[in-house]
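Below is one structure, written out as structure tokens; comments come after it.
Positions are given from 1 along the sequence. Every number for a ligand or one of its atoms is a count from 1 in the order of the listing.
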Amino acid sequence: MQGTAIAQPNIALIKYWGKRDVALNLPAVGSISITLRELHTRMHVIFEDGLDADTLTVNDAPDENMLPRLSACLDRVADQDRPRARIASQCNFPIAAGLASSASSFAALTVAAAHAAGKSLTTAELASLAGQASGSAARSILGGFVELTNTNGGIAVDSLCEADEWPFAVVVAITETGPKAVGSTAAMEISRKTSPFYSNWVDQQAADLDTARAAIHDRDFARLARVAEHNCLKMHSIMWASRPPMVYWNAATMRCLETVRSLQARDIGVFFTIDAGPQVKAVCLPEHAADVEAALRKTQGVEDIMVSGLGQGARLEAAT
Ligand code: 2P0
């Protein structure tokens, strides 16, 4: 009655922002992401008869705050009358700081819990269960370039290109390590209800997805760069125009954007993307990673840098 799974976070190039069904956690729009290799969450789940309640440790420290969301995910994967569980999570990067820790956490939890419950689930079932816990987690079920598509009443995930078929490097410039002020779940709802730009965002997403999918198919880096930056800035514009406004950026975030622009002016193939946090992810071809990392390291306000290639989807770590 136990399972251990490992999953990597993913970075959306065409973003998910907003829900069409809050109760079922269904996204309003499709999205396209890249799954990372070097950042990971490892989840260990043991169902134990006789336990009174689920318990959770995150990096060996008890964590009550995240537990209800994880327990609800276990209820969906293993049924409500399941035995209570001990859950242990190990994460090698900052949590809740705009680095998609919920994506890797819930993808790993879903895979570990399905195994612990003796269930053999399809990729589609795993993605649907992970996505109900956290929309972006559905994409971390697969590796490389992943598209999440809305279906009638649900979602589907597809691999557009495996990690080794078009190797990328992602240089993450960390400008602040604390948790964000507004979680993305709440922020999406504020955006949907108050931003004057929200409906345009939803209407235009199909065109951005088409462009990105074609660029990935053609291995056209410049085209992918243009649409990814546009989609990212459009998502942040929705938040800036919400009431109350939500600005996840800090001064160093802006300086990192300027650094990426100066690299582009030197004909270095790189583009930026930013999620619900102040970190900047600079996406480039592997041969440019050293130049991009050096430039971002010199950027004022950058506290740390992580460099990652593209990785695989969520998987069981060992037969347990
Ligand atoms: C994304 N983000 O596509 C977008 C871009 C952040 C900005 O998905 O409410 O933790 O749990 O479904 O998946 C982060 O939101 O939100 C996210 P819920 P999630 O990666």
Side-chain angles (χ1 to χ4, degrees), residues 7-36 39 41 65-66 68-70 72-73 76 91 94-110 127-142 145-150 154-155 157 170 172 179-193 195 198 201-202 205 208-209 212 227-240 242 246-249 253 272-281 283 314:
Q8 277 102 246
N10 66 77
I11 303 294
L13 305 183
I14 304 299
K15 310 284 190 189
Y16 148 49
W17 197 253
K19 298 172 196 287
R20 73 180 191 277
D21 187 319
V22 174
L24 297 176
N25 203 41
L26 292 173
V29 292
S31 51
I32 291 178
S33 63
I34 45 179
T35 303
L36 302 184
L39 282 53
T41 302
N65 292 338
M66 280 294 285
R69 241 177 119 185
L70 274 72
C73 179
R76 286 188 293 265
C91 194
I95 293 170
L99 287 171
S101 57
S102 68
S104 52
S105 298
F106 286 107
L109 183 71
T110 301
S128 170
L129 287 161
Q132 285 175 61
S134 189
S136 55
R139 300 186 309 239
S140 277
I141 294 293
L142 295 176
F145 293 73
V146 179
E147 178 164 9
L148 184 151
T149 311
N150 274 331
I155 56 157
V157 290
V170 181
V172 183
K180 52 197 163 201
V182 187
S184 21
T185 305
M188 284 186 207
E189 276 303 278
I190 294 170
S191 297
R192 183 175 69 82
K193 290 178 180 155
S195 179
Y198 182 79
W201 158 257
V202 174
Q205 188 78 343
D208 288 358
L209 288 165
V227 72
E229 289 189 352
H230 169 70
N231 190 266
C232 164
L233 293 175
K234 209 159 47 175
M235 180 187 79
H236 285 276
S237 304
I238 299 170
M239 300 184 215
W240 286 32
S242 294
M246 293 171 293
V247 179
Y248 282 109
W249 302 12
T253 311
F272 62 79
T273 191
I274 304 163
D275 293 298
Q279 331 305 354
V280 175
K281 289 101 180 189
V283 182

Side chains of W201 and N231 in contact at under 4.5 Å (non-hydrogen atoms): yes
What atoms of ligand 1 come closer than 4.0 angstrom to any heavy atom of S136? 8 (O), 10 (O), 13 (O), 19 (P)
Using heavy-atom distances only, which candidate in A137, S134, A187, G131 approaches atom 19 (P) of ligand 1 most closely? S134
With a 4.0 Å cut-off on heavy atoms, is S102 touching ligand 1? yes
In ligand 1, the atoms that come under 4.0 Å of a heavy atom of M188 are 15 (O), 16 (O)
Min side-chain heavy-atom separation S102-S136 under 4.5 Å: yes
Is the backbone of P27 close enough, under 3.5 Å, to the side chain of R20 for a donor and an acceptor to pair up by distance? yes
Near M235 (heavy-atom distance under 4.0 Å), the atoms of ligand 1 are 5 (C), 7 (C)
Per atom 7 (C) of ligand 1, closest listed option by heavy atom (D275, N25, N231): D275
So, K15 and D208, do they make that salt bridge, N to O below 4.0 Å? no
What atoms of ligand 1 come within less than 4.0 Å of a heavy atom belonging to K19? 9 (O), 12 (O), 18 (P)
The atoms of ligand 1 lying under 4.0 Å from a heavy atom of A12, numbered in the order shown, are 1 (C), 3 (O), 20 (O)
Is the shortest N/O to N/O distance between R69 and ligand 1 below 3.5 Å? yes
T35 and R139: side chain donor to acceptor below 3.5 Å: no
Using a 4.0 Å cutoff against the non-hydrogen atoms of Y16, which atoms of ligand 1 qualify? 1 (C), 2 (N), 3 (O), 4 (C), 5 (C), 8 (O), 9 (O), 12 (O), 13 (O), 16 (O), 18 (P)
Which of the atoms in ligand 1, numbered in the order shown and given with their element, are less than 4.0 Å from a heavy-atom of S184? 10 (O), 14 (C), 15 (O)
Passing candidate, side chain to side chain contact (heavy atoms under 4.5 Å, CB included) with V170, options L39, I34, T273: I34
Is it the case that the side chain of Q8 and the backbone of L36 share a donor-acceptor pair, with hydrogens and angles ignored and the cut-off at 3.5 Å? yes
Looking at G135, which atoms of ligand 1 are within less than 4.0 Å of one of its heavy atoms? 11 (O), 12 (O), 13 (O), 18 (P)
Answer side chain, backbone, both or neither: which part of H236 comes under 4.0 Å from ligand 1, heavy atoms only. neither
So W249 and P278, do their side chains get closer than 4.5 Å, heavy atoms only? no
Can you tell if the side chain of L70 reaches within under 4.5 Å of the side chain of F106, non-hydrogen atoms only? yes
